Amino acid sequence: MPARPLSTGLKCLEMLEVVAGQPGAGRLADLARAVGESRATTHQRLLTLVTAGWVERTGEGHYRLSLRPCRIARAALDQAGLGDRVLPGLQKLTDQTGCASSLVVLEGTQIVIAQRVEAGGVLRTDLRPGAAMPWDVSASGVIWLAHGPKDLQARLEEAGAALPDPSRIEEARGDGISYGLSEGVLAGIEGVAAPVTDASGALIASLSAVWVTGQQEAAAVGHAVRSAATDLASALQT
């Protein structure tokens, strides 16, 4: 007899997807309604996910994802050959614009450089894969807050992180791009970042390019970054 998937396991994974789709921490009643099951059954599935470390219960008794999916997501990108898929696109962007380019991903309450290609000339930094980026002054931080998980800002506020001006977040949410200090740790550096999304439109990374102030035309680099982000999204989905 061929093996069959465990129905209870599939139901718990379905519950995990529902929790992930909430704009914030969800109430038991709302989650039960979303999956079409009783509160008792929904509570049992949530308890399983909490015990396994995938979901956490807030002080108000609501349910939200824990930070474990962030680690799994990074591992999935690594196992999918992130470097092989991303580096050619980053190199092309750097060659086209003369800017250093980076792919930035979310890990818990930090955004870190997953891959980076340096530009020639005077702009060379010590920011390498694994380096954390500041939320408040980096263009990638703005992109993640504008297009990332809906509860991300609340989590960062709870963690005491310094955040960018709300007007920058709203602007990036509408424009799909953010200009400003992309690195946030170097004086005289400008940059731009754009979202890289999966097939469902969910943000999986931000793509940024940086240059010495006055050496590049921001709108032209922004156009190149936006186009490269679209190409990278396609590459990561194949």
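Since the model is a prediction, treat every value here as computed from it, not as a measurement.
- The two residues A132 and Q110 make their nearest non-hydrogen contact at CB-NE2, 4.0 Å.
- Here the closest non-hydrogen pair linking R39 and L28 is O-CD1, 3.9 Å.
- No side-chain donor-acceptor contact under 3.5 Å links D175 to the backbone of I177.
- Residue S102 holds its OG atom at 6.5 Å from CE of M133, rounded to the nearest 0.5 Å.
- With salt bridges taken as basic N to acidic carboxylate O contacts below 4.0 Å, none links R45 and E14.
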Chi angles and distances behind the side chain to side chain contact (heavy atoms under 4.5 Å, CB included) call for R64, T58: CA-CA 8 Å; R64 66 186 183 190; T58 69; 3.9 Å; yes

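- In this structure, Y179 and V221 have side chains that are not in contact, with every pair of non-hydrogen atoms separated by 4.5 Å or more.
- Remark: the backbone N or O of A218 is not paired with any side-chain donor or acceptor of W211 at under 3.5 angstrom.
- Note that CD of E171 and OG of S178 are 7.5 Å apart. Values are rounded to the nearest 0.5 Å.
- Listed here is the closest heavy atom pair of A229 and A194: CB-CB, 4.1 Å.
- T42 is not listed as a side-chain neighbour of Y63, based on a closest heavy-atom distance of 4.5 Å or more.
- Around the CD atom of Q44, the shell of radius 6.0 Å holds no more than 12 heavy atoms that belong to other residues, nucleotides or ligands.
- Partners of E17 under the salt bridge (charged side-chain N to carboxylate O under 4.0 Å, His left out) rule, at least two apart in sequence or in another chain, do not exist in this structure.
- One finds the CG atom of L232 at 10.0 Å from the NZ atom of K92 (value rounded to the nearest 0.5 Å).
- Counting heavy atoms from C-beta outward, D136 and D165 have side chains that stay 4.5 Å or more apart.
- With respect to the salt-bridge test (charged N to carboxylate O, under 4.0 angstrom), the residues R68 and E107 do not qualify.
- Judged by distance alone, with hydrogens and angles left aside, the side-chain atoms of D151 form no donor-acceptor pair with the main-chain N or O of A154 at under 3.5 Å.
- Side-chain polar atoms of S38 and T41 form a donor-acceptor pair below 3.5 angstrom.
- Contact check on E170 versus R173 returns a salt bridge, with a Lys/Arg side-chain nitrogen under 4.0 Å from an Asp/Glu carboxylate oxygen.
- Here the side chain of Q22 pairs a donor or acceptor atom with the backbone of V18 at under 3.5 angstrom.
- Looking at S227 and L93, their side chains never come closer than 4.5 Å, going by heavy atoms from C-beta outward.
- Scanning for salt bridge (charged side-chain N to carboxylate O under 4.0 Å, His left out) contacts around R57 gives an empty result, with sequence neighbours left out.
- A donor-acceptor distance shorter than 3.5 angstrom exists from the side chain of H147 to the backbone of A172, with no hydrogens or angles considered.
- For the pair I113/L103, no side-chain contact is recorded, criterion being any heavy-atom separation below 4.5 Å from C-beta on.
- Considering all non-hydrogen atoms of both residues, V104 and S140 come closest at CG2-OG, 3.6 Å.
- Side chain of E190 to main chain of V210: no donor-acceptor pair is present (N/O by atom type, distance under 3.5 Å, no hydrogens or angles).
- When side chains are defined from C-beta on, I204 does not count as touching T197, because their heavy atoms never get closer than 4.5 Å.
- Between Q153 and L163, the shortest heavy-atom contact is CG-CD1, 3.8 Å.
- Residues R155 and L65 have side chains in contact (heavy-atom distance under 4.5 Å, counting atoms from C-beta outward).
- Note that OG1 of T48 is 14.0 Å distant from NZ of K11, once rounded to the nearest 0.5 Å.
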Worked verdict on V196 versus S206 for side chain to side chain contact (heavy atoms under 4.5 Å, CB included): CA-CA 5 Å; V196 178; S206 61; over 6 Å; no

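- A distance of 9.5 Å separates CG of L31 from NE2 of H62, quoted to the nearest 0.5 Å.
- With rounding to the nearest 0.5 angstrom, the CH2 atom of W54 is 6.5 Å from the CG atom of L16.
- Using a cut-off of 4.0 Å between Lys/Arg side-chain N and Asp/Glu carboxylate O, R33 and D30 are scored as salt-bridged.
- For the pair E56/V50, no side-chain contact is recorded, criterion being any heavy-atom separation below 4.5 Å from C-beta on.
- In terms of heavy atoms, S101 sits closest to T94 at OG-OG1, 2.8 Å.
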Worked check of side chain to side chain contact (heavy atoms under 4.5 Å, CB included) between V19 and L46: CA-CA 9 Å; V19 174; L46 288 168; 3.9 Å; yes

